[in-house]
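Throughout, numbering of the chain's residues begins at 1 and tracks the sequence.
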Amino acid sequence: MATKSKLRRIVTDPRVVIVIAAVLIAIYSTGIPFSLGREGVVVRSVEKASAAYDAGIRSVEGSSLAAKDVIVAIDGQKIRAVEDYADAISGLEINQTLLFETNNAFYRLTVKPEVNVRVLPELEETEVIVNATTNETKKVLANKTVEDVVGVADLGLKVANVQKTNLRLGLDLQGGARVMLKPETELSREDLELVIANMNKRLNLFGLSDVVIRDASDLSGSKFILVEVAGANEEDVRQLIARQGKFDAKIANETVFTGNEVTDVCRSSQCSGIDFQSGGCFEASASESVCRFYFTISLSQEAAAKQAAATGKLAVVGNYLSQPLQLYLDDELVDELQIGKELKGNAVTAISISGSGSGSNKKAATTNAINNMKRLQTILITGSLPVKLEVVRTDSISPILGEQFLRNALKVGLVAILFVVGALLLAYRKLQIAIPVMFTSLLEIFIMLGFASLLPFLSWTIDLAAIAGIIAAVGTGVNDQIIITDEALKGEQRRIFSWKEKLKSAFAVIFGAYFTLVVAMLPLFAVGAGLLRGFALTTIIGMSVGVFITRPAYAKVIEILMERD
């Protein structure tokens, strides 16, 4: 009866209830109960102009598994892992047709030939289009080319096993490439964020979805840009970064200005924001609100003249011209803007760009409008920043080594747990102390992983740095629990029956150590580049989880368990 009474008091105590609630939230956020039965391979990247790209398969930016294409079958053959995918696409022949089944749709791929193009010294007359609107063509002399089929072309897909949880694994565990870049000139915080936004946009245009680009700095204040691409090799990332820098604005397939001809894009409140002159925000229907935005850009005189010549050929349809202004990044169409009739044939250097955003209410519509405005500003300013990026360091991590490390880490962790339990048993000779200490430590780890799933905006990934931070946090946690246990035992020996006194004595030491550690970690988090920031973030969160959630619960559990029946 006494044991049942103690158990009832433990599970109903508010501090223990908080721990149970945190564990339930962690279970939900990590997706562990929902991972059973997840099979297939997720599409990480799609190469442009490949068979997969032509069939309509695309990688999706972000980490949501539901939004991505997960290949579950090829020609009826079940795909459970990368090995099954490799078997299914082995021995392909040119023009062979494959039916890909994903979680979102069906795709029919036609295998392409691998072609080697040879340029011959002879010249031949060829016809090229000079105006897509009028279909005007002209004949030019060019070197004759010959295409030789040298084999079967790759399908253009890079895939990975479906994650069994919502945790984001770092490159150390899933493989990929990491490149650290340094701007050759000093950039303001605003310009650095703009460069990162440009790189994100462009790298995702090349079909890479698992891309992390963030700023970093060292203790001397030097700023860096860290690019991490899962599933890619070092050379892939180098080439993608080197290919950046091409922006074109076209009217009827005629380039009217490039990124270098955009002399200014307004981002201040004086010349950008919600356009109240055109109506601002209004209710389009009972369930939809719309907000209009605007911002101004400045063009060079040459670009203004080209735009005037292009718009002068267009017809007026209502309040706009017959053709839109099309925006291209690296030859990829990313947006279209209607051209006001007042710009027809006018060589103006200052242009107002407008658009809108919608939502279920005014607040949501305003947020969407501002986000749409920032996206357009990022596109238009691409290529106009006078900054070059220097490759400071590159790393390439094999996914096979990552899997081996993860397995070894789990084995070492299990051995460490057994040693700690043994040490506690030798020190206290009480199983009711050793088991709660280790159980509390395991709960801390699980709750920390739950936080990692809930805080994607912190770019928290489980990598070597995070594992080191978890070990540091758990080690500190075991030490704190020993302090609580020792204070309780001393109190019992001195017949001090006030648990408040025991708790106050123990937590004075614990909170002192906690705040000291947080203060020590903050500089690493603020200026740390890569591993230092990840280690600092994980340690701070792990310590906070322990001090504010699990340690108080452990103290109450020890109090109840050590009571005399």
Side-chain angles (χ1 to χ4, degrees), residues 30-32 34-47 50-60 63-94 96-112 114 151-177 207-211 228-237 396-411 461-464:
T30 55
I32 290 176
F34 316 107
S35 64
L36 300 176
R38 280 185 184 174
E39 293 182 341
V41 292
V42 64
V43 175
R44 271 189 175 169
S45 64
V46 185
E47 185 179 341
S50 64
Y53 190 91
D54 291 347
I57 300 178
R58 298 289 187 272
S59 59
V60 179
S63 58
S64 172
L65 185 63
K68 295 184 177 182
D69 272 324
V70 177
I71 301 171
V72 296
I74 299 177
D75 283 344
Q77 178 182 338
K78 288 278 187 182
I79 305 298
R80 296 180 175 84
V82 171
E83 293 77 12
D84 297 333
Y85 175 80
D87 291 339
I89 64 170
S90 63
L92 297 178
E93 298 179 356
I94 298 173
Q96 181 178 346
T97 300
L98 301 172
L99 181 62
F100 275 56
E101 180 185 350
T102 73
N103 58 324
N104 295 320
F106 288 87
Y107 301 95
R108 193 170 295 278
L109 280 68
T110 301
V111 180
K112 291 185 172 185
E114 182 72 29
V152 178
D154 188 82
L155 295 180
L157 288 174
K158 287 187 177 179
V159 299
N161 288 327
V162 174
Q163 283 187 226
K164 299 301 183 183
T165 70
N166 295 330
L167 294 172
R168 294 185 62 186
L169 298 180
L171 297 187
D172 305 313
L173 301 182
Q174 65 171 328
L208 295 174
S209 59
D210 293 333
V211 179
E228 296 181 345
V229 184
N233 58 48
E234 180 181 327
E235 190 58 32
D236 288 339
V237 179
S396 186
I397 299 97
S398 166
I400 297 176
L401 292 178
E403 291 178 3
Q404 291 177 348
F405 173 80
L406 187 58
R407 285 196 296 267
N408 292 337
L410 292 175
K411 292 176 182 177
T461 57
I462 307 301
D463 52 14
L464 289 176

Response to the item:
Correct closest heavy-atom pair for Asp84 and Gln77 would be O-NE2, 4.0 Å
Item to complete: Would you check if Val152 and Gln96 make a side-chain contact, meaning some heavy-atom pair closer than 4.5 Å?
Response: no
Worksheet entry | With sequence neighbours excluded, residues passing side-chain hydrogen bond (donor to acceptor under 3.5 Å, both in side chains) with Tyr85 | none
Practice prompt. Check whether any side-chain heavy atom of Ile71 lies under 4.5 Å from a side-chain heavy atom of Leu157, and answer yes or no.
Written response: yes
Item to complete: Kindly give the heavy-atom pair with the smallest separation between Ser50 and Val46, and that separation in Å.
Response: OG-CG1, 4.2 Å
Worksheet entry | Least distance between heavy atoms, Thr97 atom then Thr110 atom | OG1-OG1, 4.1 Å
Item to complete: Tell me, please, which residues at least two apart from Asp154 pass side-chain contact (heavy atoms from CB on, under 4.5 Å).
Response: none
Worksheet entry | Within-4.5 Å side-chain heavy-atom neighbours: Val43 and Phe100 | no
Worksheet entry | Distance, nearest 0.5 Å, that separates CD1 of Ile79 from CD1 of Ile74 | 4.0 Å
Practice prompt. Return the minimal non-hydrogen interatomic distance between Leu92 and Ala88, and the atom names on each side.
Written response: CD2-O, 4.4 Å
Worksheet item: Do Leu98 and Leu155 have side chains that get closer than 4.5 Å, going by heavy atoms?
Response: yes
